[in-house]
Amino acid sequence: MNEEELVRRIHRELADSYDEEMELEIEDRNIDEATGEPSKRSEEEKEYRRQYFQELFRLQAELVKLQDWVVASRHKVVILFEGRDAAGKGGVIKRITQRLNPRVCRVVALPAPNDRERTQWYFQRYATHLPAAGEIVLFDRSWYNRAGVERVMGFCSDDEYEEFFRTTPEFERMLVRSGIQVIKYWFSITDEEQHMRFLSRIHDPLKQWKLSPMDLESRRRWEEYTKAKEVMLSRTHIPEAPWWVVQAVDKKRARLNCIHHLLGQMPYAEVAHPPITLPHREYHDDYVRNEISQEIMVPQVY
């Protein structure tokens, strides 16, 4: 392979890696309710998306620097993502983690507690996922389930609810005192925006799996969730672990704003790395590569 062909293939590989971001955007496509097909984008929308990707890639490069600093400094970070159903929490988590090392930055999205976990100390199953030195843990919903879903849906008693508010501030102060930085985001959307996003999921076969009976019930109980959110923010907003509210009606702006804000929460700096040199491959005269049986080959349909 000559040098020109090698450069061309490297550029193609880089382009393929960035195409992953374009593929994620399928989740954000606008569906025409009359035809069920993706809506056509105006020139203004195309320019908006171009600027979005340009800034997103820049911020993701900064996230890589942040990751290197976290590892080098042995920092410990917990980031909580809370908000109503369809608020866009999963979308921003995907963009944060997309180019990071999953051994350094991992996502925790716990299912409903099982019978054994219901008898544990409430924070016990979350504590097992807390970071060690040099790790970032993102909770896609967290112990704040008790202040939201469990309260509204009647899954906890009044005593358990009050105990949560007595315990949570001290629990988070304990985390901070132990050296874990706690960052809490609430993604805020309007009544109308959630209504539209639920309709989009109903009409999009690629999104219908996201709609659970609990999601549909949350739509009916919008006002109860609002009251629960207001109580939660007022009773757990502490100096050691304050709440940060992300305006999330515009998904793309919400992602950029959240990542930009997250980068500003840590005094990271670029970590110097020694230059990387690809070693020459060794060749041995007695080595012969065996042929792979066609019986186990995946058919090349594409």
Side-chain angles (χ1 to χ4, degrees), residues 59 62-63 66-67 69-71 73-84 87-90 92-93 95-97 100 104-110 113 120-152 156 160-189 225-248 254-255 257-268:
L59 292 172
E62 291 298 313
L63 284 171
L66 172 67
Q67 169 187 255
W69 175 83
V70 166
V71 173
S73 65
R74 296 179 63 78
H75 196 52
K76 295 179 282 187
V77 190
V78 163
I79 310 170
L80 311 185
F81 294 86
E82 296 288 341
R84 297 179 188 275
K89 302 178 296 297
V92 74
I93 289 172
R95 274 67 180 188
I96 290 172
T97 61
L100 301 185
V104 176
C105 181
R106 54 189 169 86
V107 179
V108 176
L110 299 183
Q120 294 175 341
W121 176 50
Y122 177 71
F123 296 93
Q124 189 169 335
R125 73 188 193 119
Y126 296 102
T128 61
H129 298 280
L130 293 173
E135 293 181 351
I136 304 170
V137 174
L138 285 64
F139 277 91
D140 185 354
R141 294 198 183 279
S142 65
W143 46 87
Y144 283 99
N145 272 340
R146 175 139 294 176
V149 174
E150 291 191 18
R151 175 60 172 176
V152 174
C156 67
E160 288 171 329
Y161 180 66
E162 284 302 317
E163 179 59 26
F164 172 83
F165 285 124
R166 283 192 292 269
T167 306
T168 297
E170 187 53 36
F171 173 67
E172 292 175 359
R173 291 187 184 102
M174 288 169 55
L175 296 182
V176 173
R177 287 197 299 270
S178 74
I180 298 175
Q181 183 177 3
V182 180
I183 304 172
K184 303 185 299 196
Y185 289 113
W186 174 268
F187 280 70
S188 178
I189 56 173
Y225 271 96
T226 298
K227 294 174 183 176
K229 178 257 299 186
E230 291 169 349
V231 172
M232 181 192 78
L233 293 181
S234 67
R235 298 187 67 176
T236 58
H237 180 74
I238 59 176
E240 297 85 350
W243 278 103
W244 300 100
V245 177
V246 180
Q247 295 296 335
R255 293 169 194 155
N257 288 331
C258 183
I259 296 173
H260 181 271
H261 183 271
L262 175 61
L263 291 167
Q265 299 308 297
M266 285 164 271
Y268 76 97

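This is a predicted model, so every value here is computed, not measured.
The two atoms that bring Gly134 and Val71 nearest to each other are O-CG2, 3.9 Å, heavy atoms only. The heavy-atom pair separating Val78 from Pro131 by the smallest distance is CG2-CD, 3.3 Å. Listed here is the closest heavy atom pair of Ala228 and Ala147: CB-O, 3.5 Å. Pairing each heavy atom of Arg146 with each of Cys156, the nearest pair is NE-CB, 3.8 Å. Contact record, Ala132 with Lys76: O-CG, 3.1 Å, taken as the closest heavy-atom pair.
Residues Ile259 and Ile96 have side chains in contact (heavy-atom distance under 4.5 Å, counting atoms from C-beta outward). Contact of the His129 side chain with the Leu110 side chain is registered, since non-hydrogen atoms from C-beta on lie closer than 4.5 Å. Residues Leu233 and His237 have side chains not in contact (no heavy-atom distance under 4.5 Å, counting atoms from C-beta outward). Between Tyr225 and Val149 there is a side-chain heavy-atom pair separated by less than 4.5 Å. Taking the side chain as every heavy atom from C-beta outward, Pro267 and Trp69 approach each other to under 4.5 Å.
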Inset, instruction - Let me see the working for Val152 and Lys227 under side-chain contact (heavy atoms from CB on, under 4.5 Å), right down to the final yes or no. - result: CA-CA 9 Å; Val152 174; Lys227 294 174 183 176; over 6 Å; no
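Rounded to the nearest 0.5 angstrom, Glu62 CD and Leu263 CG are separated by 6.5 Å. Considering CD1 of Ile180 and CE of Met174, their distance stands at 10.0 Å, rounded to 0.5 Å. Taking CZ of Arg106 as the reference point, atom CD1 of Ile136 lies at 11.0 Å (rounded to 0.5 Å). Put simply, CD1 on Ile93 and CG on Asp140 are 4.0 Å apart, with the number rounded to the nearest 0.5 Å. Summarising the geometry, atom CG belonging to Asn257 is positioned 10.5 Å from atom OH belonging to Tyr185; distances are rounded to the nearest 0.5 Å.
No option in Trp243, Phe139, Tyr161 other than Trp243 meets the ring-ring contact (aromatic ring centres under 6.0 Å, His included) test with Tyr144. Here the rule is salt bridge (Lys or Arg N to Asp or Glu O under 4.0 Å) with Glu240, and of Lys184, Arg177, Arg173 only Arg173 fits it.
Judged purely by atom type and a 3.5 angstrom limit, Lys89 has no side-chain atom pairing as donor or acceptor with the backbone of Trp186. Side-chain N or O atoms of Ser178 include one that pairs as donor or acceptor with a backbone N or O of Leu175 at under 3.5 Å.
The aromatic rings of Phe123 and Phe164 sit parallel, their planes meeting at an angle under 30°, below the 60° perpendicular limit. Taking the six-membered ring where tryptophan is involved, the planes of Phe81 and Phe187 are tilted, since the angle between them lies from 30° to 60°.
Shown here are the ring-ring contact (aromatic ring centres under 6.0 Å, His included) partners of His260, two or more places apart in sequence or in another chain: there are none. Remark: Glu163 pairs with Arg166 by the salt bridge (charged side-chain N to carboxylate O under 4.0 Å, His left out) rule, at least two apart or across chains.
Proximity of the aromatic rings of His75 and Tyr268 is defined here by a centroid distance below 6.0 angstrom, and this criterion is not met. Residues Trp143 and Phe171 bring their aromatic ring centres within 6.0 Å.
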